[in-house]
Protein chains: 2
Amino acid sequence: MIAGDEGIARWRKVADAIRAMIDDSRGAMEQLPVEAALAERFQVNRHTVRRAIAVLQAEGILRAERGRGTFVERRPARIAYPVGARTRFSENITAQSRQPAGRLIASGREPATAPIAAALGLRLGAPLHRLESMNVADGLPMSMATSWFPAERFPGIVAAYAETGSITRALAAEGVDDYRRMETRVSAARVSPADAEHLACPADAVVLVTHSVNLDAEERPIQFSHSRFLADRIEMVFRT
Amino acid sequence: MIAGDEGIARWRKVADAIRAMIDDSRGAMEQLPVEAALAERFQVNRHTVRRAIAVLQAEGILRAERGRGTFVERRPARIAYPVGARTRFSENITAQSRQPAGRLIASGREPATAPIAAALGLRLGAPLHRLESMNVADGLPMSMATSWFPAERFPGIVAAYAETGSITRALAAEGVDDYRRMETRVSAARVSPADAEHLACPADAVVLVTHSVNLDAEERPIQFSHSRFLADRIEMVFRT
DNA sequence: TTATATTTGTGCGTATGTATA
DNA sequence: CTATACATACGCACAAATATA
């Protein structure tokens, strides 16, 4: 295909060639030729083309749709998500004139594991309410979150969230007028299969993973949460 | 393979079964049976097993080595990387009794593009020094960074970095005794092929992507940087 | 040190399923 | 209903890296 490229697998060369095609078109190419045509053009088997397309899908450059074709992804700008002591999902989203919504996915009562007990200042095994939720902006899924609350202090937190779709309002219903975020730990990973299902994203999407602790006005921990934000839809902004 | 699972692809079922095997072993399983054995056990073609293994590799659960076998990844704990106004890579790393090192990968002189000019408060096309570097802790690559500095104010910044391996010391050599970080924007993505080469990581690794601006004591922007941290080696910690 | 076997990686051919146009 | 286009699955063959006798 190219001179002096003996040691490189064909599917890599095909992937590079397709990437170059897209770059060269400068945004003009919206759809890829069909797999059979690409296989013919590069003189390889259709499987080899498919492997190349698979990696380009993983890179977020292409999106294949069964029965329709393979399309070049135009990536939308990320929503900025300022994180600070007073971070609230709904406020962040409404501030960008988008429509926020929180949906209860699942909930349960469970004993505190070591890291959560430590974060919340509880004894090991203390009863917690676990709340799995999804956050949406303008109907587009943005993130999944798992939150733990001390069950004794917040007996009705799950019901309150189910009704209001907002952690802030659910906490208010349980008597917490104000709270602030203490620490946010940020990492990243591939989306889990279960989250991918809810977020309606590719199985190999990348998520920003955060762990954070919220404190009430008396500096008592009230919530430990673990959120997964779709990395191609959100960008976190920290001011220091 | 399992009753009542008609609509699910075989490779998915195999992937789920392997994931369950690993979970069930509770860390005891270090190596997977060979592909042929798995194909026999699950009564599928070897390609089907390979596809399942491919997704588990993408999830970071497995690592295949040609000629040796397929191994279960034990994931090492991430290094905490506190980010604040006074974030310095070397201080962060030494604070955890690890040995930091910065290496100059490439450099160049180029005109400011619109976003960089805006971030640095320069006119469009103003001359910049671009500095590509790699940061290492204990000999293990941690991140790649691209930094831009106003070329007129910092004519010798590249040489100073090449000599010291530290942005802080290079800026000091150029007359900046102190600086602070203004804003950090955090997202995530798959590693680029070029970065994967330098970081010696899998081609499908996930990176935390940050964009940040540093200011000198007079609040003048002195540096715009774009860093890519390997997400499985580092966790950023923001205190708010 | 040298063969040989083992194990993963690549590539092709073929067939069939499923969603879309 | 038919043709198109991507998705899944199997079988075969050989290459490349590693392990073992």
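Here is how names work: the chains are called A, B, and so on, in the same order as the sequence lines, proteins then strands, and each is numbered from 1. The figures that follow rest on heavy atoms only: side chains count, while hydrogens, waters and symmetry mates do not. In this text the structure is predicted, and so the values were computed from the model without any measurement.
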* Contact list for DNA chain C against residues 47-55 of chain A - heavy-atom distance below 4.0 Å -> A:H47, A:T48, A:R51
Atom pairs under 3.5 Å: protein N/O with N/O of nucleotides 17-20 of chain C:
from, atom 1, to, atom 2, distance (Å)
C:dT18, O4', A:R66, NH1, 2.7

* B:Q31 CD - C:dT7 P separation (whole Å) -> 9 Å
* **With A:V72 via side-chain contact (heavy atoms from CB on, under 4.5 Å) - residues at least two apart** => A:I22, A:M29, A:L62
* With A:S212 via side chain to side chain donor-acceptor pair (under 3.5 Å) - residues at least two apart -> A:S225
* Asked: C:dC12 P sits how many Å from A:W11 CH2, rounded?
  -> 14 Å
* All pairs passing salt bridge (Lys or Arg N to Asp or Glu O under 4.0 Å) where residues 101-116 of chain B contributes a residue, at least two apart -> B:E110-B:R130
* **Side-chain donor/acceptor contact of A:R46 with base of C:dG13 under 3.5 Å** => no
* Identify, with sequence neighbours excluded, every residue that meets salt bridge (Lys or Arg N to Asp or Glu O under 4.0 Å) alongside A:D232. => none
* Structure fact -> With sequence neighbours left out, the residues meeting side-chain contact (heavy atoms from CB on, under 4.5 Å) with B:R66 are none
* Asked: B:R68: what forms a salt bridge (Lys or Arg N to Asp or Glu O under 4.0 Å) with it, not counting sequence neighbours?
  -> B:E65
* Hey, are A:D16 and A:R19 close enough for a salt bridge, meaning a charged N less than 4.0 Å from a carboxylate O? -> yes
* **With A:R51 via side chain to side chain donor-acceptor pair (under 3.5 Å) - residues at least two apart** => none
* Using salt bridge (Lys or Arg N to Asp or Glu O under 4.0 Å) as the criterion, list what pairs up with B:E235, not counting sequence neighbours. => A:R185
* To do: Report yes if at least one side-chain N or O of A:R10 is closer than 4.0 Å to OP1 or OP2 of C:dC12; otherwise report no.
  => yes
* To do: Please state whether the rings of B:F229 and B:Y81 are parallel, tilted or perpendicular, taking 30° and 60° as the class boundaries.
  => tilted
* Are any of A:N45's side-chain N or O atoms less than 4.0 Å away from OP1 or OP2 of C:dG11? -> no
* Asked: 5' to 3' on DNA chain D, which nucleotides open and close the contacts with chain A (atom under 4.0 Å from a heavy atom)?
  -> D:dA5 to D:dA9
* Residues which pass salt bridge (Lys or Arg N to Asp or Glu O under 4.0 Å) with B:E197, listed by chain and number, not counting sequence neighbours -> none
